[in-house]
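Nothing here was measured: the structure is a model prediction, and the numbers come from that model. This chain uses plain numbering: 1 for the first residue, then up along the sequence.
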Amino acid sequence: MQNNNNIPQFAEDIVNDVNKDFAERQKMRRPYELQWQLNMNFVMGNQYCVASPRGSIEQEEKYYFWQEKQVFNHIAPIVETRLARLNRVRPKPVVRPFSNSDADVNSAKLTSKILSAVSDKNLLNEAVSRATNWSEVCGTAFYKAVWDEQSDDVSVSVCSPFEVYPDSNVTQNLNDCASIIHAKVYSAAEVKDVWGADVQGSSVKVFSLDSSATVGGLGYNSTIPSISQEEKHNQVLVIERYSKPTKQYPSGRLEIVANDKLLYVGDMPYAVGENGKRAYPFARQVSVEQAGCFWGASIVERVIPVQRAYNAVKNRKHEFINRLSMGVLTVENGSVDTDSLEEEGLSPGKILVYRQGAEKPELMDNGKIPADFAAEEEKLLGEFVTVSGVSEFARNSSTPVSVTSGVALQLIAEQDDIRIACSIDSIREAIRTVSKFILRLYKQFVTKSKLVRLCDGTNSAEVFYFNASDVNSDDVVFETENELTDTPATRRTMLFDLLNAGILTDKDGKLTQSAKARVLSLMGFGNWDNAQDVTQLHIARAEKENLDISNAEILDIDDHALHVEEHTRYVLSAIDNLSKDVSDKIINHIGQHKKLIKERI
């Protein structure tokens, strides 16, 4: 977005108001940020840290040199398992036509192709993976869909929860917020390139990885990664404040501020709302929805207490083992050289000299490891499953010892899917919202024919032109209801069942060429080894003839049966929208194809 040349004289007032508003939102959101930082630390293995009352993450130190302070990270595999399952959720958005007429159907097909091509160009699948990673660890992630004037195309990016500031943390969703602030750090050169303004860069604190956290046990230490802050130089914090449409500003409001400069002020630029209304260009994705809260909850924060208890039990158990293996020596005061014992210990073959007449040094009886340690450890492992909703079957890829039935294993797998259903629904809704944004942005900004290249994943590509008038629908739906259960394998099995039942064949029990092409397409073999190239070309030619029947010419190489089927379907689906002259021409054209079929028999 370029700099607005009509910046008002009271720009200083706007800058002060935006900066003050941003500072207040930072303070209001600080408790949530601390929880997100704590979650990120625990996932990486820095599990001896706390959110202090001073508003920062602080490390816990050892109380004694012999204290065991190891991390037994069960949170990371839980998050990785959930991500592995959620990353399979990639529904293919398609555009639903307004009616059953061929004109609307063909327009919807073209719009679906546009959506698919843009999704591939913007690497939407990778963006969903990044957003899901943020939402699983911190609870919330955002997508931002805008029009990039430099590339003259849609740009979809992922925003971490650290970048987005609502006007209230107790609103349920984005549309309930009166305004949204998106704050992001750019280099001074980027600000100049995007907004055309010279802004002096400064040192800005950002989150980074550090290896300062220390863990270990008796006689050894090691470092683990942790989240800390570092300074980046010559950086500029750009604050974008989006305000929803009001009576005073029917088209909404956007103010962009960098340091003490106003880069832009004006109407909200993106008509991504329903019926062409201006709206926030953000889509929200959460791991678990929280009632009455803008921010979603993360499974990590629920598992943290269990992880702390598990670490404590394991470490106390190891300390007990250390006492059993190394021993605790009792000596009479002044009977031995305690300094030598403290430094060297009881090494094998050591000669222990003690004062004549004194009590002989001996090892203290420490008993055995209490059974309570093992019982508590097992209970905590069970609590990991209960709290996280990730079973051992999903996390460890191993079946429980007590379960041998295939039906029981299937039920366990279904339960795992049910427990992440809320996260799946949020991902699907976010993808659907972003898809709508993409179509609405094209509808708004494409002023001339635009070239798009689409790869269908079957060794073929299609290049076509479109303009804003071709995007006549943004009713986005998905081909599947649940990607975890509706896999390509299950769809192929269902198709084979339908074929065996004779549902897809004609009255003579035969499968037409067009039906074969559609079956292969549904099975993922639409262009398998180019076996159906000719059939697809005949169908495409017939569809073009439907749109311009006056210039349609029957060729000797035409597959007349396919043409009859496509033309007949077109007439039946659009009979109410076709003029009598056009319908008569198509019916006459069908008759010529049928005549040629009879002549060939």
For this session: Would you confirm whether the ring centroid of Trp147 sits within less than 6.0 angstrom of the ring centroid of Phe437?
Result: no

Could you tell me whether [X] sits above the aromatic face of [Y], with NZ or CZ closer than 6.0 angstrom to the six-membered ring centre and within 45 degrees of the axis?
X	Y	answer
Lys144	Phe282	no
Arg284	Phe294	yes
Arg432	Phe478	no

Problem set entry | Flag for Asn322-Glu68: side-chain donor and acceptor within less than 3.5 Å | yes

For this session: Please answer whether the main-chain N or O of Cys49 pairs with a side-chain N or O of Gln59 as donor and acceptor at a distance below 3.5 Å.
Result: no

For this session: Measure from the side-chain N and O atoms of Ser426 to the backbone N and O of Ser423, and report whether any donor-acceptor pair falls under 3.5 Å.
Result: no

Less than 4.0 Å between a side-chain N and a carboxylate O, is that true for [Y] and [X]?
X	Y	result
Glu190	Lys184	no
Asp198	Lys192	yes
Asp267	Arg278	no

Exercise. Counting only heavy atoms not in Gln200, do more than 12 sit closer than 6.0 Å to its CD atom?
Worked result: no

For this session: Please check if atom CD in Glu359 has more than 12 non-hydrogen atoms from other residues, nucleotides or ligands closer than 6.0 Å.
Result: no

For this session: Kindly assign one of parallel, tilted or perpendicular to the pair Phe162 and Trp36, based on the angle between their ring planes and the thresholds 30° and 60°.
Result: perpendicular

Taking all non-hydrogen atoms of both residues, which atom of [X] and which atom of [Y] are closest, and how far apart?
X	Y	answer
Val137	Met40	CG1-CG, 3.7 Å
Cys177	Tyr280	O-OH, 2.7 Å
Ile75	Val300	CG2-CG1, 4.0 Å

